[in-house]
Amino acid sequence: MIQPSLMMDRPLLISGILEHGAAQHATQEIVSRETHGPMVRQTYAQTAGRVAQLAHALRGLGVEQGQAVASIAWNNHRHLEAYFAVSGSGMVMHTCNPRLHPEQLIYILNHAEDRVVLFDSTFAPLVQAIAPKCPQVKAWVCLADQAHMPELAGVPGLHAYETLIAGQPEHFEWPEFDEKAGAVLCYTSGTTGNPKGVLYSHRTIVLNAVVSCMPDVLGLSTRESILPVVPMFHINAWCIPYSAMMSGARLVLPGPKLDGASLYDIMESEKVTVSAGVPTIWMGLLQHMEQGGLKFSTMRRTCVGGSAMPLALITKFNQFYGVDVRHGWGMTETTAIATLTNLSAEDWTRPDEERYALAARQGKTVPGIQIKVVDENGATLPRDGVSQGELMVRGQWIVERYYKSDKSALVDGWFPTGDIATIEPNGLMTIRDRTKDVIKSGGEWISSIDLENAAIAHPAVASAAVIGIKHPKWDERPLLLVVRKPAQSLEKQEILDFLAGKVAKWWVPEDVVFIESLPVGGTGKVQKNELRRQYGGVFTSGNAPG
Ligand code: AMP
C-alpha cells in the first residue's frame, strides 16, 4: 500500500507569491507605462500595499469570494495589482481580450457573471457600448486617477481606480482556501462559435510560474529585467506577472505602446534583458531596428510563441542582435507555456545554424506536461519526426472542461489541441499547422506554416500568410499573401521561383497576392479567418480565386 506522507499540507496560493515577493524582494522595481504616456515606478513592497488596498476596495463594492472581476486592460501596474488582489482574496480574475467582437465581449462578461469591470481609458468607448448589456456588473472602474478619467456618460457605478483605493488599509489578511479553487478565467478567441472559458486554479498558476522561472524556460532571477509583451489579457501573460514576483526579477510593463519603435526605446531605456511575445511583435521590432541600424545593449533572451516563429527571424535575432530566441507553444487551455526550445547538452555543441533550426521547432515539454500525436482513430503515432497527427496534451495545468460545461473536454484523459504536429525521438515537437489551416491538396497536406516560413526568408518580404483555396481538381491549393518591406519591389514570379527552390514542387503556391498589411487579432496572431473571408473563393483555371 502507498504510504501517506507526513509533510505539512500548505495550499499553493497566488497570495503566497505576493507575500513572498513583497517580503523577499521588497525593493525590486516595477516600471509601468501609463495609458496616457508617462512611466510609473514602484517597488514590490509598494505594489503589495496597493494590492491590499484594491482587495479592500473590491470587498467594499460587495464582491464576494468565488465571484468574478473582469479586466479589459493593457500590461500595466494596475492590471498587475488586480491580478493579485482579485485572485488573492478568493475572487476570480477574468481577463478579457479587448479585441473580441463587442457582442462576444458582452457574451463573456455575462457568462462569467462579472460583478466589477476594471478597464483602461483606451477602452472607454467600448465600455460605453457594452455597459447597458451587462446588467450584473455593479461597478466599472477605470484604471486611472481622477485627472485622467475619460468622459463616460451613462455608465453606472463608475469609479477612478486611484480614488477607489485611496485611504484603504495597506494590509490585507489573505484568506487560505483550497489550492484547486478557481483563480483566473480566460476565454478562447472563439473564431468559431462562442468563446469558451478556461478557469485556472491557484495550483495550476503557481506550478506554472515555478517552472517558468527555470533557467531553460524564462530563466528569471533578481538579475533580470523582464518585459512581457505578451498581453496580460491572454493566457496570463504566460504567467510572467507571477514568476517575476516569485523570482524577484525587475518587471517592465509597456502599457499600450507595442510598436517597434516604442518597444525598442523601452527595452533600451529600462535595460530589459528578457522579453516574451508573439512573432508579429518581433517582426515590428526587427523592422524598426533594421531601418535605424540599431542594436540592443542589454537584451539577451526572448521567448516567442502564439504562432510559429520563422527560422529567418530566429537566425537574425541570434546572429545580428545577440538575442537567444526560445520558441514555445501553448494555448488558452494550457495556462501558459507547455513546450519550449530546450536544447540538450549535445545540441549546444552544434554549429549555430543547426541550433537555430532546432529553435524553429516548437520545443520540448516543460516539466509537468506530456504530449503525444494521434491519428484520426486516436492511435498514438511514433515519435519519428515524420508521422503527423493531432497533438494531445496532458499535465498539471491543462484544462479538464470548459467553464460551466458539464462535459469533459478530454479524450482518454488527454486534451485534443486541434493542432497537427510531429514529435522527434528526442521529444522535440513541431507544429505543422492548425487542423483548420492545413491545406488539403490532392489527398496530401501542405503546411501553411512551413510555406510562410519559407516566404519570409526572402529579403523583400516583411510578413506572409498562406491560406487554402478551393480547387476543382486538387480540393484545395495554397494562396500566398505577401506584405513587402517598405521600398522593396518584389513580383509574383520572383517569390514563386524563390519558393520553388525551398519546398516540394506541388507545395508552390497557386497564386500570390500582395497586400498592405495582414489582419492581426488582439493576441497578435494573423487572422486567417479574415483572410479566407476576403480572399477565399475558388481557384478556377489554376490561378487567382474566382
Ligand atoms: P490561443 O489559445 O489563442 O493562445 O491559441 C493557441 C494556438 O496558437 C495553438 O493551438 C496553436 O495553433 C497556436 N500556437 C501557439 N504557439 C504556437 C507556435 N509556437 N507555433 C505555431 N502555432 C502556435
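Read the numbers this way: they start at 1 and go in the same order the structure lists the ligands and their atoms. What you see is a predicted model, and the numbers here were worked out from it, not measured in a lab.
- Atoms of ligand 1 found under 4.0 Å from any heavy atom of W329 (numbered from 1 in listed order, with element): 9 (C), 11 (C), 14 (N), 15 (C), 16 (N), 17 (C), 23 (C).
- Ring centroid separation for the pair H79 and F233 does not come in under the 6.0 Å cut-off.
- When each of E510, R477, H471, E476 is tested with S441 by the rule side-chain hydrogen bond (donor to acceptor under 3.5 Å, both in side chains), just one qualifies, namely R477.
- Shortest contact from atom 6 (C) of ligand 1 to any protein heavy atom: M331 CB, 3.3 Å.
- Ion pairing between E224 and R300 holds under the 4.0 Å rule for side-chain N and carboxylate O.
- At a heavy-atom cutoff of 4.0 Å, ligand 1 is contacted by no atom of M309, backbone or side chain.
- Taking every heavy atom of Q362 and a limit of under 4.0 angstrom, the matching atoms of ligand 1 come to 18 (C), 19 (N), 20 (N), 21 (C).
- Below 3.5 Å of separation, one finds no N or O of T523 facing any N or O of ligand 1.
- The residues K372 and D412 are annotated as not salt-bridged, no charged nitrogen and carboxylate oxygen being separated by less than 4.0 angstrom.
- The contact set between ligand 1 and R434, taken as ligand atoms under 4.0 Å from a residue heavy atom, comprises 9 (C), 10 (O), 12 (O).
- Contact check on R394 versus E400 returns no salt bridge, with no Lys/Arg side-chain nitrogen under 4.0 Å from an Asp/Glu carboxylate oxygen.
- Among protein heavy atoms, atom 4 (O) of ligand 1 sits closest to H234 NE2, 2.9 Å.
- Looking at S307, C186, A421, it is S307 that brings a heavy atom closest to atom 17 (C) of ligand 1.
- Of the polar atoms of K525, at least one N or O is found under 3.5 Å from an N or O of ligand 1, judged by distance alone.
- For the residues G328, A308, G305, the heavy atom positioned nearest atom 19 (N) of ligand 1 is part of G328.
- For the pair K502 and F498, the cation-pi test (distance below 6.0 Å, angle within 45°) is passed.
- The single protein non-hydrogen atom nearest to atom 11 (C) of ligand 1 is D419 OD2, 3.1 Å, given as residue, atom name and distance.
- W74 and F123 have their aromatic ring centers within a separation under 6.0 angstrom.
- By the 3.5 Å distance cut-off applied to N or O atoms, T332 is counted among the residues near ligand 1.
- Salt bridge E452/K528: present, at least one basic N to carboxylate O contact under 4.0 Å.
- Ligand 1 has a nitrogen or oxygen under 3.5 angstrom from a nitrogen or oxygen of G306.
- A salt bridge links E530 to R533: one of the charged nitrogens lies within less than 4.0 Å of a carboxylate oxygen.
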